[in-house]
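To start, the structure under review is shown below, and the notes come after it.
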2 protein chains.
Amino acid sequence: MLHGQSTTVAKPPACALEQSRFCIQVDPAPRARLIRAAHIETIPADKVLWHDDAPCRTVGLLVSGYLRFQRHNRDGRRQILNLTVPGDLFGHEDERNEGFSLESATEAVLCRFDRRVFDELLIEDGSLRRALYRYGSRNLDRLHWLTWTIGALRPEERIAAFLLNARGFLPYRDLPDGTGLISLAISRRDIADLLATSVETICRTFKSLGKDGLIRLLDPAHVLFLDPAGLAARAGLPDREHAPVMASDPAVMTFINDRPGVHR
Amino acid sequence: MLHGQSTTVAKPPACALEQSRFCIQVDPAPRARLIRAAHIETIPADKVLWHDDAPCRTVGLLVSGYLRFQRHNRDGRRQILNLTVPGDLFGHEDERNEGFSLESATEAVLCRFDRRVFDELLIEDGSLRRALYRYGSRNLDRLHWLTWTIGALRPEERIAAFLLNARGFLPYRDLPDGTGLISLAISRRDIADLLATSVETICRTFKSLGKDGLIRLLDPAHVLFLDPAGLAARAGLPDREHAPVMASDPAVMTFINDRPGVHR
DNA sequence: CGCCGCCTTGAAGAGCCTCAACTAATGTGG
DNA sequence: CCACATTAGTTGAGGCTCTTCAAGGCGGCG
């Protein structure tokens, strides 16, 4: 998985790309043109893709890994406003205000589109515009979830809600014994800055949830779901708000989960 | 302003409506058709316009007053996710999840469109779709601001930032002596649930800001800006983030401010 | 006149953040 | 191959906001 990744990975993404929820909504002709104007690229973690005064204008689809759309303050405070998950479009944001940036949260595989082709297609093709519009709506829903979570829930509840939700966009697998295994592919820091809390609180909450038998921490990056319903209760949610608001693209999702060694 | 409002108000809104930023972006023909399919309606404060299982499917433009798009928990917790301000479109949200609702935060004048006509026009007319798309982007920007504010700022900072920002969408007027007067048309409760804090904290912060000579509380609903720059510093902002993220429609805004007796 | 919101003010408590130290895992250079 | 540096994660202790609870003022409206 480490050596020779760039070559091994080259084919599957292109496949997943064509099947991705976004591309599927685009008519065959423009889709083909878009894919012809695309190229795959692997970037390391914590690379800046875009920030306020360096308008690295590029559009693309995230194939694997995670990006964070965030806002910084000079005194170090940060808030992640969107976690770009596999299957998501990125780079279409045009934030005129200061402090916003888009970075990779993990190593990531991108499928970049030629900007000119994309913009042209956007004018010509209605199906692409529709897809973009739907994607925007989905993004708005996510942000509603995030804002609600930060604003109305206490840190422990946020973290429990996040774990439940994360099953929809982080590498996750239901196990035969009824439990489920999730791989926390992003750092504590990123989770903390997404949920507007601190890394310490996350650690303590994980431990607390573990002590109460709701989850089990196999290692820092792997959590076993023992009692999802109990977790939902802990999140202060109306029972089964398991419906993943931030769900990734199903096609890409299976691709993520089918990889032998799950990230991190 | 109290008696006979329905008649007095009847004409100006229609005028402001045609000039509103949203309608201006729509081509003349569909705009005319839309306006023909519209009717003005005045509703009292705290009226439910829409909630999860009563899909009172109606689209419209807010002429005056304020609406709150919010999410409730059964145990009383609430988070306002968007404050609909004059000139804004409302009712186009389609939240499938539970707990969401749209209510009037103040007495409000609505311009409702016939749903069928609106949907038809949406299919037929590109300019309407574009206007809707732009409106959606603006809404996303707002929500980014709100989420950042809640997530990264402490209550006092949030309130200072809110005050500065509110000049763009609450009744506000620059005074000859260099100060500015704002009318807090919405309740403390709503401000608190927007900024994810408590009404008590808002009171205390107002008083604290007043004691430091940044503002003056004329009465519970009227605040005088004495030192906007100082307020921005208090908000922990990069100096002059006076740029109103949540700005209302300029045309409608002047209409609000030109009314003799400012709300509340 | 008296009720009922809304706003204000006070006091107490707790939850969470901050700071700091420690561990574990990873990588680097000698 | 080992010593060392570095980073992410974990744990502990302390302190401070901010919330919560409670009561009082003020104004509007029946």
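A note on names: the letters A, B, ... follow the listed sequences, proteins ahead of strands, and every chain is numbered from 1. Keep in mind it's a predicted model, so treat the numbers as computed, not measured.
Taking atom CG of residue A:Leu218 and atom C1' of nucleotide D:dG9, one finds them 16 Å apart after rounding to whole Å. Atoms CZ (A:Arg189) and C1' (D:dT6) sit 17 Å apart, rounded to a whole Å. Atom CG of A:Asp75 is separated from atom C1' of C:dT18 by 15 Å (rounded to the nearest Å). One can place CZ of A:Phe206 at 14 Å from C1' of D:dA8, the figure rounded to the nearest angstrom. The distance between atom CD1 of A:Ile159 and atom C1' of C:dC17, rounded to the nearest whole Å, is 13 Å. One can place NE2 of B:His222 at 15 Å from C1' of C:dC6, the figure rounded to the nearest angstrom.
Open room surrounds CZ on B:Arg216; 12 or fewer heavy atoms of other groups in view lie less than 6.0 Å from it.
Look at A:Arg77 and B:Glu157 and you find a salt bridge, because one of the NZ, NE, NH1 or NH2 atoms lies within 4.0 Å of a carboxylate O, short of that distance. Under a 4.0 Å N-O distance rule, the pair B:Asp193/B:Arg188 does not qualify as a salt bridge. Using a cut-off of 4.0 Å between Lys/Arg side-chain N and Asp/Glu carboxylate O, B:Asp212 and B:Lys207 are scored as not salt-bridged. Salt bridge status for B:Glu103 with B:Lys47: absent, with no side-chain N to carboxylate O gap under 4.0 Å. Look at A:Asp52 and A:Arg71 and you find no salt bridge, because none of the NZ, NE, NH1 or NH2 atoms lies under 4.0 Å from a carboxylate O.
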Under 4.0 Å protein heavy-atom contact, by nucleotide of nucleotides 24-30 of chain D - B base, S sugar-phosphate only: -------
Heavy-atom protein contacts under 4.0 Å, nucleotides 12-22 of chain D, coded B base, S sugar-phosphate only, - none: BB----SBBB-
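Screening A:Leu214, A:Leu175, A:Ile182 against A:Phe225 for a side-chain contact (heavy atoms from CB on, under 4.5 Å) leaves a single residue, A:Ile182.
Counting any heavy atom pair closer than 4.0 Å across all strands shown, A:Ile191 reaches no nucleic acid atom.
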Measure all distances between protein nitrogen or oxygen atoms and nitrogen or oxygen atoms of nucleotides 22-28 of chain C, and list the pairs falling under 3.5 Å.
none

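Aromatic ring centres of A:Phe69 and B:His144: separated by under 6.0 Å.
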Intermediate values then yes/no, side chain to side chain donor-acceptor pair (under 3.5 Å), A:Asn73 and A:Arg78: CA-CA 6 Å; A:Asn73 230 7; A:Arg78 187 178 70 154; over 6 Å; no
